[in-house]
Amino acid sequence: MKTPALLLALALLCSGCAQTPNRTAAMPDSKPAPLRIATYNTSLYSDERGGLIAELEGDSAHARKIAAVLQQVRPDLVLLNEFDFDNEHRAADLFQQRYLETAQPGGGEPLKYPYRYLAPVNTGVPSGLDLDNNGVVGGEGRSRGNDAWGYGLHPGQYGMLVLSRYPINEAQVRTFQMLKWNTLPGAVNPVDPRTGKPFYSPQVWAQLRLSSKSHWDVPVKTPEGVVHALVSHPTPPVFDGPEKRNAQRNGDELRLWQQYLSAGDKPWLCDDRGQCGGLAQDARFVILGDLNNDPVDGDGQHDAIVELIENARVLRYPTPRSVGAEQTSAAYAAAGIVRKGAPFHATGDFGPKAGTMRLDYVLPSTGFEYVGSGVFWPANQTPEAKIADGSDHHLVWVDVR
């Protein structure tokens, strides 16, 4: 039997091995119920300003699938990537009230989150600078998006939304939307190999922001104590040129978390309110997000994600896995797209050119006890698979206590 066929057969045999475990209350005199933390790139965005609001005001089959997955997994704390931000929070209201809090086909009981956090991001915000070096500032379509602080066709596209069962200390939230790229220790202006010169002009490099969306430290008051949700969505390490400016930016967006976790004074690491320094060494945290970097596959600077996974403050635990990822990876392998990474660790299907990769992460800090984990990517033949295709990414969850 050929290897892809063997993988597929094993996946079918184990189709019940990686399903989402039931959420059950702790029995008397037993350990407390674990804290379930998740990340999910929902693809709930529109190329038009207000487009997501219009979609959610209708009857969005897409949003119903995303809500159904969340109702199945029922995380206590979850980051939603690629959820368009609007100043009135209308899209977030609609999604919570009309989709999450209503039982969805294939989902489960209505799901209510009393607490949430969302804020402006850099995507789609005009920089007033020629960031792509095409000789034009702004323009239309992709040219306009390329000259925004983070690629986007309108302010707030591809935003972030944190939902929580437990109180969020908004007064202590730290955001790093404005942090300059050049302030990161070791940051280097990408070099164009055709000219041997820095890609960005001195004027641009002095102003360019590091975060393509934003980096947030969101303190959540859980029964396990305060947990700092460190959330972000670094730029994809593609859609650039020979200078690889997006790959370099992605790597440095990940290195920002390394700096945030490390000890020592950091007078350069100042948030949008002017508070400087990293995370306290005794703080408990979880790194969440579509980090757009696979440890071994794809175009990213793999050392950046590997070093973050292996950070001394990050808990070592079995990599989340799924049967659906294994099946899909086997199908790609049969078509000639073979990946180095373990096929069952993939978190998304990115089409015939890219195949499957592991891009989405939940990385709890040391001090937690690992209980379980998984990726909501059910086996192809199961009923749950009908709600799992709302996004090209799949929800990743980890249970800790």
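- Using a 4.5 Å heavy-atom cutoff, the side chains of Ser211 and Gln177 are not in contact.
- In summary, Lys213 and Glu253 do not engage in a salt bridge, as defined by a charged side-chain N under 4.0 Å from a carboxylate O.
- Between Arg165 and Asp76, at least one side-chain N (NZ, or NE/NH1/NH2) sits under 4.0 Å from a carboxylate O, which counts as a salt bridge.
- Remark: Gln275 engages Arg174, Asp271 in a side-chain contact (heavy atoms from CB on, under 4.5 Å) (not counting sequence neighbours).
- Sorted by first and then second residue, the side-chain hydrogen bond (donor to acceptor under 3.5 Å, both in side chains) pairs with a member in residues 194-205 read Asp192-Arg194; sequence neighbours excluded.
- Looking at heavy atoms from C-beta onward, Ser365 lies out of side-chain contact with Val286 at the 4.5 angstrom threshold.
- For the residue pair Ser373 / Trp397, no side-chain donor-acceptor distance below 3.5 Å is found, with atom types taken as modelled.
- Side-chain atoms of Met160 and Leu118, non-hydrogen and from C-beta on, never get closer than 4.5 Å to each other.
- No hydrogens or angles considered: nothing links the side chains of Arg49 and Gln157 as a donor-acceptor pair under 3.5 Å.
- Residues meeting the side-chain hydrogen bond (donor to acceptor under 3.5 Å, both in side chains) test with Ser60, sequence neighbours left out: Glu55.
- For residues 275-290, the set of pairs meeting the salt bridge (Lys or Arg N to Asp or Glu O under 4.0 Å) definition, not counting sequence neighbours, is empty.
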**OP:** Begin from the C-alpha positions of Tyr332 and Asp349 and carry the test side chain to side chain donor-acceptor pair (under 3.5 Å) through to its verdict.
**Re:** CA-CA 10 Å; Tyr332 276 122; Asp349 176 356; 2.5 Å; yes

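- Looking at residues two or more places apart in sequence or on another chain, you find a side-chain contact (heavy atoms from CB on, under 4.5 Å) between Lys340 and Val296, Asp297.
- Scanning for side-chain hydrogen bond (donor to acceptor under 3.5 Å, both in side chains) contacts around Trp181 gives Asp252, with sequence neighbours left out.
- Under the 30°/60° scheme for interplanar angles, the aromatic rings of Tyr117 and Trp216 are found to stand perpendicular.
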Subject >> Check against side chain to side chain donor-acceptor pair (under 3.5 Å), Ser46 and Asp84 >> reply: CA-CA 7 Å; Ser46 172; Asp84 280 1; 5.2 Å; no

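- Going from atom CH2 of Trp257 over to atom CG of Leu230 covers 4.5 Å, rounded to the nearest 0.5 Å.
- Counted within 6.0 Å of CD on Gln281, heavy atoms from surrounding residues, nucleotides or ligands total more than 12; the atom is thus considered enclosed.
- Side-chain contact, Lys266 with Ser262: a donor N or O sits under 3.5 Å from an acceptor N or O.
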Original post:
Going through the checks in order, is the side chain to side chain contact (heavy atoms under 4.5 Å, CB included) test met by Phe285 and Val227?
Top reply: CA-CA 5 Å; Phe285 64 86; Val227 177; 5.6 Å; no

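- Between Phe95 and Phe83, the distance from one ring center to the other falls under 6.0 angstrom.
- Here the side chains of Leu100 and Tyr113 are in contact, with some heavy-atom distance below 4.5 Å.
- Among residues two or more places apart in sequence or in another chain, the ring-ring contact (aromatic ring centres under 6.0 Å, His included) test is passed with His228 by none.
- Remark: the Asn293 side chain and the Asn250 side chain contain an N/O donor-acceptor pair separated by less than 3.5 Å.
- For the residue pair Thr235/Ser212, the side-chain donor-acceptor check at 3.5 Å is not satisfied.
- In summary, Glu88 and Arg90 do not engage in a salt bridge, as defined by a charged side-chain N under 4.0 Å from a carboxylate O.
- Heavy-atom neighbours of Phe239 CZ from other residues, nucleotides or ligands within 6.0 Å: at or below the threshold of 12.
- You'll find the side chain of Leu70 reaches within 4.5 Å of the side chain of Leu395, heavy atoms only.
- Residues Leu129 and Val137 fail the side-chain proximity criterion, which asks for heavy atoms closer than 4.5 Å.
- Residues passing the ring-ring contact (aromatic ring centres under 6.0 Å, His included) test with His233: none are found, sequence neighbours excluded.
- For the 3.5 Å distance criterion, the side chains of Thr356 and Ser329 qualify, holding a donor opposite an acceptor.
- Evaluation of the side-chain contact (heavy atoms from CB on, under 4.5 Å) rule for Ser164 yields Leu77, Tyr115, Tyr166, Ile168, Val220 as partners, not counting sequence neighbours.
- Between Phe176 and Tyr260, the ring planes are perpendicular. Angles over 60° get that label, and only those under 30° would be called parallel.
- Taking Thr39 as the reference, nothing meets the side-chain hydrogen bond (donor to acceptor under 3.5 Å, both in side chains) condition, with sequence neighbours excluded.
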Subject >> Test log, rule salt bridge (charged side-chain N to carboxylate O under 4.0 Å, His left out), inputs Asp303 and Arg255 >> reply: CA-CA 10 Å; Asp303 59 324; Arg255 293 182 184 100; 3.3 Å; yes

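- Among Trp377, Tyr40, Phe350, the single residue meeting the ring pair (Phe, Tyr, Trp, His ring centres under 6.0 Å) criterion with His393 is Phe350.
- When the side-chain contact (heavy atoms from CB on, under 4.5 Å) test is applied to Ala61, no partner is found at least two apart in sequence or on another chain.
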**OP:** Walk me through it: do Asp272 and Thr175 pass the test side chain to side chain donor-acceptor pair (under 3.5 Å)?
**Re:** CA-CA 6 Å; Asp272 297 327; Thr175 67; 2.5 Å; yes

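- Among pairs with a residue in residues 99-108, those fulfilling side-chain hydrogen bond (donor to acceptor under 3.5 Å, both in side chains) read Arg64-Gln104, at least two apart in sequence or across chains.
- At least one side-chain heavy atom of Leu291 sits under 4.5 Å from a side-chain heavy atom of Leu254.
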